[in-house]
There are 2 protein chains.
Amino acid sequence: MAEEIGDRAQRLLKVLVESYIRSGQPVGSRTLARDSGLDLSAATVRNAMADLEELGMVSSPHTSAGRIPTNRGYRMFVDSLLTVKPLSEREILAMNGQIGSEGTGQEFAASVSEYLSEMTEMAGMVMIPRTAKRSSLRHIEFMPLSDRRILAILVINEKDVQNTVIKVDRQYSTAELQQAANYLNSELVGQELYDVRHHILKELRETKDGLEQMMQQAITMAEQVFEQPGSKPDRDDFVLSGQTRLMGFEELSNIEKLRGLFEAFNEKQGILQLLDQCLDGDGVQIFIGDESGYSVLDECSMVTSSYHVDGEVLGILGVIGPTRMAYERVIPIVDVTAKMVSAALAQSK
Amino acid sequence: MAEEIGDRAQRLLKVLVESYIRSGQPVGSRTLARDSGLDLSAATVRNAMADLEELGMVSSPHTSAGRIPTNRGYRMFVDSLLTVKPLSEREILAMNGQIGSEGTGQEFAASVSEYLSEMTEMAGMVMIPRTAKRSSLRHIEFMPLSDRRILAILVINEKDVQNTVIKVDRQYSTAELQQAANYLNSELVGQELYDVRHHILKELRETKDGLEQMMQQAITMAEQVFEQPGSKPDRDDFVLSGQTRLMGFEELSNIEKLRGLFEAFNEKQGILQLLDQCLDGDGVQIFIGDESGYSVLDECSMVTSSYHVDGEVLGILGVIGPTRMAYERVIPIVDVTAKMVSAALAQSK
DNA sequence: TTTAGCACTCTAAGATTGCGAGTGCTAATT
DNA sequence: AATTAGCACTCGCAATCTTAGAGTGCTAAA
């Protein structure tokens with residue numbers, strides 16, 4: 001199956017994909033022969049195309065149209081044929097202006113996402129996974145609500161706030177809650193959320209024997225607070241911008257497809273799962289078409305990159321657009337943006 | 001201009017609109033004559049249609065198609081011709097099950113919005129205007145962030161939390177902020193937000209002469225906190241659900257229109273303004289097509305109603321869908337939902 | 001291995017046609 | 001005076017056909 005692909009065939013595939021990305025039209029043998037710079041006749045090209053078709057790299061919409069790349073063809077293209085063109089000085093400068101580390105993490109993520117969308121004219125996205133280790137707890141506080149519900153407020157990372165409502169077995173007075181919060185603050189402030197969730201609470205519980213009643217209850221509350229958001233990927237840590245730009249693309253002019261896509265955007269779930277997969281790899285990663293196994297993304301590709309500080313992955317950002325996109329431009333944009341974001345975060349640390 | 005419309009013409013208009021809403025097809029004179037139950041010939045109907053056309057109530061897409069209602073025709077229909085059909089017992093019961101007053105205000109609004117969307121198969125929306133008087137302050141708290149920024153946390157109404165970041169002239173210690181918060185709490189807790197914003201802070205400031213430095217600064221902070229969200233309608237108090245359902249309608253299969261609509265949904269601004277206008281009127285209100293002067297809503301109508309407790313308007317809810325919608329069904333749904341929500345809120349008060 | 005040549009296929013875009021639906025007008029009817 | 005029947009006419013839609021163009025696959029020659 002994995003037959004070798006000759007240099008010439010690769011060259012042809014490259015030119016074909018480039019041409020198709022530019023024009024959106026199937027590419028015929030004559031055009032290809034002319035544009036390839038290989039001094040071949042159309043007939044030879046035709047033979048080569050027959051081979052590529054057999055390998056599943058290209059296909060023709062019908063007998064007498066040219067060829068278009070298959071997902072597999074795109075894959076080979078981005079993996080080994082693509083020549084990216086780096087951003088110009090000017091563009092990088094412009095980006096520097098746009099991306100300031102103002103406001104809360106949410107706001108920052110939103111501005112980056114919008115930036116990506118604007119630059120690529122597709123949809124931009126930024127994810128801050130809850131598992132990001134780099135968020136340390138700054139303060140915790142409880143407040144009684146009606147009934148047996150308590151509002152827990154976490155301040156994270158000097159910037160972000162997260163509210164969680166938990167339910168408890170009985171009414172607690174403000175004073176009691178104050179006490180509980182004081183205890184937890186003394187134990188937990190300055191710790192990484194990740195550690196709190198996975199180690200510290202357990203340790204506390206194990207040594208609880210020596211503690212007062214109230215402290216034990218404090219631990220129980222804290223467990224609720226920290227467990228809850230971990231179970232379901234919370235929606236607030238994902239920002240998507242410029243979805244409507246996707247409506248402009250011909251390959252998505254099919255209302256049914258579009259609807260599926262937008263429903264997926266609303267759910268977020270599925271897309272988040274995909275992005276989770278990107279957390280491991282580093283550098284720019286690309287999903288082409290339904291490689292993801294996620295059928296609504298049929299005609300779409302995602303280009304993503306993680307961003308990090310001190311070697312720790314903090315999140316994923318990227319864009320989503322039609323499979324037929326200008327990869328050689330989109331890839332550096334995503335790449336550089338990720339680096340800029342990393343730098344901005346490192347600085348504001 | 002305002003010629004009288006005879007009883008018969010009204011009847012015909014009514015049947016025409018009903019028929020068009022059902023079928024989506026222009027209605028011809030023969031059909032109309034048959035369905036009207038008026039024992040008229042097609043020719044007579046034709047004359048009547050010519051009159052209605054002159055009055056701007058109907059129009060024909062082309063010479064030899066039937067007539068379709070204009071926006072003005074729809075307007076007359078919903079204003080004086082419509083016979084609503086009340087919901088069945090069963091449907092009301094089902095609604096009761098669906099609408100619980102669980103969770104925060106946000107969550108509640110979201111569930112209502114989704115309910116509306118499901119019932120009508122269009123998009124549902126719920127708005128909680130910031131000016132709602134019925135929200136009383138339960139607690140205020142300050143927390144230092146980096147730089148000179150302070151996080152203010154408001155707990156409102158036993159249920160909702162709102163975070164605001166304010167900027168101050170210098171660094172404050174936790175103890176100082178504690179003090180400021182204590183003071184503000186003693187003065188403000190239990191008051192209505194509306195009053196705080198419009199009266200109380202002013203009064204405090206006027207009597208400030210006798211106060212310590214710190215208290216004065218506390219007031220300044222509070223002013224920032226309470227003013228900020230009032231200036232721009234905050235986005236968090238508006239929930240829209242089921243937008244994608246709108247993609248199913250033929251009249252919105254035009255990608256351009258759809259895109260405009262979804263962009264409007266993302267901005268929210270424009271729609272919020274529209275909804276603001278509904279705050280005054282009571283009962284069910286209807287915007288037809290571009291009556292709103294908002295061109296992206298060209299082919300859409302909004303059906304809204306306010307909900308209230310103790311005679312105070314708390315917010316607006318409603319649906320948005322194609323102008324050609326089943327008003328006789330949608331109107332009671334929106335109406336009853338608003339009443340149920342009012343009841344649920346009154347109860348959980 | 002490459003190329004020229006050729007028959008063949010398929011689509012997209014126009015042109016042509018007929019049908020059905022519905023109109024407006026006029027003259028007859030009530 | 002209002003209503004109706006009758007009729008010529010208009011228009012859109014769908015079906016059918018045609019044509020031009022693009023591109024292919026195959027074969028045989030270079």
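On a predicted model such as this, the values are computed, not experimentally measured, just so you know. All values below come from the heavy atoms of this structure, side chains included, with hydrogens, waters and symmetry mates left out. Chain A is the first sequence line, chain B the second, and so forth, proteins listed ahead of strands; every chain is numbered from 1.
Of the charged side-chain nitrogens involved, none lies within less than 4.0 Å of a carboxylate oxygen, so that B/E263 and B/K268 do not count as a salt-bridged pair.
A/L32 has its CG atom 16 Å from the P atom of D/dA22, to the nearest Å. Atom CG of A/L38 and atom P of C/dT2 are 11 Å apart (whole Å). For the pair B/R8 CZ and D/dA2 P, the interatomic distance rounds to 10 Å; values are reported in whole Å. In this entry the distance linking CG of A/L40 with C1' of D/dA30 reads 16 Å, nearest Å.
B/L272 pairs in a side-chain contact (heavy atoms from CB on, under 4.5 Å) with only one of the listed residues (B/M125, B/M127, B/E267), which is B/M127.
Under the side chain to side chain donor-acceptor pair (under 3.5 Å) criterion, B/S29 pairs with B/R46, not counting sequence neighbours.
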Would you check, one step at a time, whether the test salt bridge (Lys or Arg N to Asp or Glu O under 4.0 Å) holds for A/D7 with A/R11? CA-CA 6 Å; A/D7 280 359; A/R11 169 103 206 185; over 6 Å; no
Checking ring-ring contact (aromatic ring centres under 6.0 Å, His included) for the pair B/F77/B/Y74: CA distance, chi angles, key distance, verdict? CA-CA 5 Å; B/F77 176 74; B/Y74 275 117; 7.3 Å; no
Dump the intermediate steps for ring-ring contact (aromatic ring centres under 6.0 Å, His included) on A/F287 and A/Y294, then the final yes or no. CA-CA 10 Å; A/F287 285 99; A/Y294 195 29; over 10 Å; no
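Dashed line: the shortest gap from a side-chain N or O of A/S41 to OP1 or OP2 of C/dT2 is not under 4.0 Å.
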Once each nucleotide of nucleotides 10-25 of chain C is scored for protein heavy atoms under 4.0 Å, what B/S/- sequence comes out, 5' to 3'? BS---------BSBB-
